[in-house]
Each structure stands twice: as C-alpha cells, then as structure tokens.
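Presented below is the structure to which this report refers.
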Amino acid sequence: MRVLNLAGTEDTPKIVLDKDNGVFEISGRSLPEDSAEFFQPVLDWIDEYRQTSNTETRFMFKLEYFNTASSKLILDILSKLEDIDGTTIVWHFHEDDEDMEEAGEEFSDLVDVPFEFETY
Amino acid sequence: MKYIYDLHKTMLDQNLILVYEGEFTQEITKSVLAMAERNMESHGEASSIKRKVFNVMVECLQNICKYAQNLEDERNMVNNAIFMIGKHDSEYFISSGNAIPNEMVENIAGRLEKINALDKQGLKEYHKFVLKNGELNEKGGAGLGFIDMARKSGKSLKFNFEPMNDALTFFSLTTTIPRVAKSKKSIKETEAIK
C-alpha cells in the first residue's frame, strides 16, 4: 500500500502513514487555513488501510499545537480508527503541557479505542 | 505628525507588545504568530503560558480571517481588522476588533454570554458536546474557538459591539491569560518546599 508522507510546515503537521513499516504518525503543529481539505488525504488513506489493516496499529499523535478546526478532524480520524481492530492511540504530550494531556483524555472519552499516554 | 508619538505613547501606556491593523490572511496570521512567539521567547516566558497565548492567538486570528473574507465576498467591501497583544506583570491580553454584519451580533453575543456563564467543568462538557455533535461550517470553523479561548483563559471573555452603520457593527474581543503558571509540576514543587 502507498505511503502517505507529508513534511511538516509552520502551520501543518508532519504526517507519515506507512503500513509496511507499521508507522502511523501525526506530529507538530496543526493550524491549517482549511483543516478539512488538509486532512482529507489522511481520512482517505485510513479508509483504504481498513480494507487490509495490520493485526496491530499503533497510531501516534505527537502534537505541539492544534487549532479547534483541526480538533474536529482529529476526532474524525479517531472515529475511523475505532473501526480497525488492534488499534491503539499513542498520545504524546510535553510533560508540562496539561492542556494537551487533557485534550487527549477528552478524545479518549469520545471514541471507543484504547489510548496510551506518553510524555516527552 | 504628532500622532506618531501619541500612538507610540499609547502603545507603551497600554503595555502593547504587538499591534497589527490591516488585511488578515493565513500568511499574515503565521507572521503575527511568529513575531509574538519570538517576543515571548526572548523574554523567557514559561512554555505553558506561551502555548496558551499561542492557542488563543490562533483562534482569534483565524476567526478574523474567516469573518473578513465573509464580508468581502458578500458585501464587496474590503474590511480591515485590528489585532493586538499586550503584557502586564500578571497577565497577557489578546484583543481583536473587526467588522461583522449587524445580523450576527445577537448570535455572537449569545454564544459569548453562554460561555461566560459556565465554570471550568461546564466549559469542558460544552466543549466535548460541540466537538462531538457540531459540524464544520462553510468557512471551516468548528464553532469551538470561543469555548477554547475561554478554557485557555480561565477567565471570562470581554467583548463589546460598536454600531458602525446600517450594515456593520465593530466587534471587539479580549482574552486574558494569567502569567502565573498553575501546572501540576509547579504545585508539586511548592508542596515540596513546604
């Protein structure tokens, strides 16, 4: 399956979705002008991945900032991952970033998929 | 020419560290964010405060981008807005001012009043509700900006409406971010000192 690889910019996150190497990662800053347009390729990729998903999917979020429009799209991504067996969300937050920790906890309340929390 | 001096003095008197007046786009948003970040970094601001200020700035600036575009499209007018950030010993304040169509005043005022009436837990629940049940509007907004600003602030959002003409009202909004870091870590450290 094709690899989705987007380099991060000052207002968009770095994204690596690589089934063969088991790498699923969204990191950096997310405040695109149009979050729906920006994240559409990610949602499409997950739809395709669901057809032939790995037995285990550790999907990592390591975000420094995200705007509220992105939070809606992150929830969409999580909702899609909810339907893929063997998925764990690995939510990274900076050790003094309580807001990012809380954001992860709130997302975990809204979807039925296991979350692991890790600090950096 | 004295107005230049007056403006300079006003900025100093009001503790303003950055003021931008003009057109708002995503590119300008990025530049303003970078300037404010650099300013906070050079003053050694705590990272938790920096992040909160940054978050509120993003919502504020992107709100203006959306409203300004809206007005340009629908009424064929160029609408400039103002954005400013100020710093006191105890807090940062992030203010914006932009024209909105008169018919939006009631809706915005209602939403802000609702948010200001909620406590921390209430805001958390309301945020979750809108995040789960809301949909992105035609401008790509999630309807979460004001809620997020109030949560990051921990204080009420101050706002004002000044009628401009038959069609437009000037909407001003100020969010305050306390500069006292209330992280778990600092609480633990305080306890350890005791």
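Within every chain, numbering begins at 1; the chains are lettered A, B, ... in the order of the sequence lines, protein sequences first and strands thereafter. This is a predicted model, so every value here is computed, not measured.
Looking at B:E37, only its side chain comes within 4.5 Å of chain A, counting heavy atoms on both sides. Both the backbone and the side chain of A:L31 come within less than 4.5 Å of a heavy atom in chain B. The part of B:L33 that comes within reach of chain A is its side chain, from C-beta onward, which places non-hydrogen atoms under 4.5 angstrom from that chain. For A:F107, the part sitting under 4.5 Å from any heavy atom of chain B is the side chain, from C-beta outward, and nothing else.
Linking Ile, Leu, Val, Met, Phe, Trp and Tyr residues whenever their side-chain heavy atoms come within less than 4.5 Å places B:L157 and B:Y126 in a single cluster. B:L7 and B:F83 fall into different hydrophobic clusters, where Ile, Leu, Val, Met, Phe, Trp and Tyr residues are linked whenever their side-chain heavy atoms come under 4.5 Å apart, directly or through other members. Under a hydrophobic-cluster definition in which Ile, Leu, Val, Met, Phe, Trp and Tyr are linked whenever side-chain heavy atoms come within less than 4.5 Å, directly or via other members, B:F170 and B:L168 are assigned to the same cluster. Transitive grouping of hydrophobic side chains (ILVMFWY, heavy atoms separated by less than 4.5 Å) keeps A:V16 and A:I89 in distinct clusters. Criterion: ILVMFWY side-chain heavy atoms under 4.5 Å apart, direct or through other members. Under it, B:I82 and B:M11 are part of a common hydrophobic cluster.
B:F54 has its side chain out of reach of A:E64: every pair of non-hydrogen atoms, C-beta onward, lies at least 4.5 Å apart. Inter-residue side-chain proximity for B:N55 and A:D99 is flagged as unmet; no heavy-atom pair is nearer than 4.5 Å.
In terms of heavy-atom proximity, A:L75 sits nearest to B:L131 at CD2-O, 3.4 Å.
Distance check: B:S47 OG to A:E95 CD gives 9.0 Å after rounding to the nearest 0.5 Å. The CZ atom of B:R151 sits 12.0 Å away from atom OG1 of A:T68, with the distance rounded to the nearest 0.5 Å. Residue B:K128 holds its NZ atom at 9.5 Å from CD of A:E105, rounded to the nearest 0.5 Å.
Atom CD of A:E37 has 12 or fewer neighbouring heavy atoms from other residues, nucleotides or ligands inside a 6.0 Å radius. By the 6.0 Å contact criterion, NZ on B:K158 is open, its count of non-hydrogen atoms from other residues, nucleotides or ligands being 12 or less. In the displayed structure, A:Y120 atom OH is contacted under 6.0 Å by more than 12 heavy atoms of other residues, nucleotides or ligands. Within 6.0 Å of CZ in B:F129 there are 12 or fewer heavy atoms belonging to other residues, nucleotides or ligands.
By number of non-hydrogen pairs under 4.5 angstrom with chain A, the leading residue of B:K52, B:K124, B:H127 is B:K124. With respect to chain A, the highest number of heavy-atom pairs below 4.5 Å among B:E59, B:R51, B:K30 belongs to B:R51.
Side chain of A:K72 to main chain of B:L144: no donor-acceptor pair is present (N/O by atom type, distance under 3.5 Å, no hydrogens or angles).
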